[in-house]
2 protein chains.
Amino acid sequence: MKPEENLKKEILRNVPLFSEMDVSHLNEISEIGRIEQFKKNQHIFLENDYYRGFYIVLKGNIKVYRISAEGKEYILHLRKPPQLFADVPLFEEGGNYPANAQALEDSLLLFISKEEFAGLIRKNPSIAFKMLAGFAKRMRQMTKKMEEISTKEVSNRLAGFIIEEIEKNGSIKLKEPFLCLTISKATVAAYLGTITETLSRAFKKLQEENIIVVNGKKIFVKDLKKLKQLAG
Amino acid sequence: MKPEENLKKEILRNVPLFSEMDVSHLNEISEIGRIEQFKKNQHIFLENDYYRGFYIVLKGNIKVYRISAEGKEYILHLRKPPQLFADVPLFEEGGNYPANAQALEDSLLLFISKEEFAGLIRKNPSIAFKMLAGFAKRMRQMTKKMEEISTKEVSNRLAGFIIEEIEKNGSIKLKEPFLCLTISKATVAAYLGTITETLSRAFKKLQEENIIVVNGKKIFVKDLKKLKQLAG
DNA sequence: CTGGTTTTCTGACTTAAGTCAAAGTAATTT
DNA sequence: AAATTACTTTGACTTAAGTCAGAAAACCAG
């Protein structure tokens with residue numbers, strides 16, 4: 001078996017959508033999915049491309065974004081293993097991708113075509129419920145983010161972002177939580193709905209208040225309590 | 001049959017979730033749902049209340065909102081017939097309502113308990129797919145709104161809101177589209193992620209540019225092309 | 001290592017939108 | 001209809017965050 005195959009099975013087990021499947025089912029999913037490699041900065045699809053199916057991130061980091069009429073980039077999601085993206089259009093009328101997707105680093109994706117997925121869900125209708133749970137969770141996250149963008153200012157949103165990240169990497173439990181950005185600060189800015197200059201000043205502000213220490217791409221949390229307070 | 005019963009059946013036929021059900025199924029849904037009346041300003045549920053089930057709007061207007069730590073109201077959704085609300089928590093772990101819901105006018109709702117719904121979906125698994133389609137549509141709307149809030153300014157968001165409303169009431173096809181607000185401008189402001197003063201100025205701006213004419217709660221669209229352009 | 005590119009930061013300035021206070025208008029009650 | 005209340009608009013002011021331009025730092029390829 002190719003080394004990729006092991007990674008594929010390993011990750012599939014962690015995809016919430018497939019988490020309760022037994023081995024034979026996982027093998028089946030593994031069969032219908034096609035592994036695709038993308039170099040850093042390479043696009044996976046563009047807005048308005050014909051919708052072929054969705055992706056599961058096996059390795060790397062993907063940004064899904066749109067460009068506004070005025071040319072401003074707006075980042076809809078950042079996706080790491082074992083997350084899905086472009087799964088929403090599976091259940092929509094229109095036949096095109098509604099946004100752009102680009103690899104932020106060399107990435108490995110599992111592509112599942114809409115036709116294959118239709119077959120899979122026909123055989124395992126319980127996947128529909130998994131999907132509903134996944135959608136529900138994301139809607140919750142989205143409403144939270146929407147609320148944040150319209151009621152909080154940038155430094156508060158940054159505080160929230162840092163907390164999310166140290167929760168994900170588990171270091172929130174340590175005495176000094178930390179995080180190492182795998183994406184550029186310009187990307188973080190667009191994700192928080194702002195621009196690099198403003199983000200830079202927000203980082204400075206948090207540093208001046210002795211809440212964090214920034215060293216290039218590394219961020220050390222000095223005062224988690226205050227950080228949480230800011231994030232609200 | 002009570003007059004409410006007719007309204008109930010009539011509306012249920014229009015709920016996308018139930019749209020393709022045959023009469024016997026609709027009757028069944030009608031059976032399990034309980035009609036509830038709410039006076040203007042009355043609350044349907046509050047944040048952190050125990051989650052009992054979801055609602056279908058038969059008549060009236062409902063706002064689902066949250067209050068931020070600083071006391072700012074943020075409106076998540078405005079719901080009219082035949083829309084659903086509080087359906088997302090059906091598929092989530094936590095057992096509480098994640099927001100507040102309040103009637104903006106005297107309203108009639110159909111309440112469906114989570115237990116009854118679980119039974120319904122067991123008998124008609126196809127409802128899960130309807131639900132997925134509904135969630136997908138809403139996620140699309142939410143991403144659109146999020147993008148708008150973080151990239152456009154208030155007058156553009158207002159333009160978008162007016163277009164949505166005249167699309168919904170059908171008057172967009174007329175020579176002079178119009179809309180009659182059923183909610184206060186303070187509510188519109190909170191829905192657009194801003195405050196009354198700023199909204200008032202945005203209305204003024206659109207009027208000064210001869211795009212709309214505002215007369216109390218009535219808004220007449222004079223220049224749909226420009227309005228669409230602003231909305232982007 | 002070095003020259004060049006990209007990314008990030010800083011400062012000066014502008015602007016959209018928030019705050020506060022007050023006046024004006026509309027709606028409701030008695 | 002008068003009075004009370006709620007909603008909306010206006011004006012003066014403040015502020016968060018965007019723009020533009022340039023400096024500094026980090027990253028990479030030859």
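Each chain gets a letter, A, B and so on, in the order the sequences are listed, and its residues count up from 1.
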**Message:** Run B:E209 and B:K226 through salt bridge (charged side-chain N to carboxylate O under 4.0 Å, His left out) and show every step you take.
**Reply:** CA-CA 9 Å; B:E209 292 175 17; B:K226 270 199 202 163; over 6 Å; no
**Request:** Of all the heavy-atom pairs spanning B:K72 and A:T151, show the shortest one and how long it is.
**Result:** NZ-CA, 4.1 Å
**Asked** What are the two closest heavy atoms between B:P98 and B:P89, and how far apart are they?
**Response** CD-CG, 3.8 Å
Please report the distance, rounded to the nearest Å, between [atom1] in [X] and [atom2] in [N].
X: A:I195; N: C:dA16; atom1: CD1; atom2: C1'; value: 13 Å
X: A:K185; N: D:dC27; atom1: NZ; atom2: P; value: 10 Å
X: B:K218; N: C:dA26; atom1: NZ; atom2: P; value: 11 Å
X: A:K152; N: C:dG18; atom1: NZ; atom2: C1'; value: 18 Å
X: B:L199; N: C:dG18; atom1: CG; atom2: C1'; value: 14 Å
X: A:L104; N: C:dT7; atom1: CG; atom2: C1'; value: 15 Å
X: B:L192; N: C:dA16; atom1: CG; atom2: P; value: 18 Å
X: B:R201; N: D:dT9; atom1: CZ; atom2: C1'; value: 8 Å

Any base atoms under 4.0 Å from [X], or only sugar-phosphate, or nothing? Heavy atoms, all strands.
X: A:K217; answer: sugar-phosphate
X: A:K205; answer: nothing
X: A:S184; answer: sugar-phosphate

Taking the side chain of [X] as heavy atoms from C-beta outward, which of [options] is closest to it?
X: B:K204; options: D:dT8, C:dA17, D:dG11; answer: D:dG11
X: B:A186; options: D:dT8, C:dA17, D:dA12; answer: D:dT8
X: A:R157; options: C:dG11, D:dT9, D:dA17; answer: D:dA17
X: B:T198; options: C:dA17, C:dC9, D:dT9; answer: C:dA17

**Message:** Both A:N215 and A:G193 contact DNA chain D. Which one's nearest nucleotide lies toward the 5' end?
**Reply:** A:G193
**Request:** Starting from the 5' end of DNA chain C, give me the residue, B:T194 or B:K40, whose nearest nucleotide shows up first.
**Result:** B:T194
**Request:** Report the C-alpha distance between B:R138 and B:D87 in whole Å, list the side-chain angles of each, state the deciding distance to 0.1 Å, and finish with yes or no for salt bridge (charged side-chain N to carboxylate O under 4.0 Å, His left out).
**Result:** CA-CA 12 Å; B:R138 266 151 64 188; B:D87 49 346; 2.8 Å; yes
**Message:** Whether the side chain of A:E197 and the base of D:dC20 hold a donor-acceptor pair under 3.5 Å is what I'd like checked.
**Reply:** yes
**Asked** Is the shortest distance from a Lys or Arg side-chain nitrogen in B:E176 or B:K218 to a carboxylate oxygen in the other one below 4.0 Å?
**Response** no
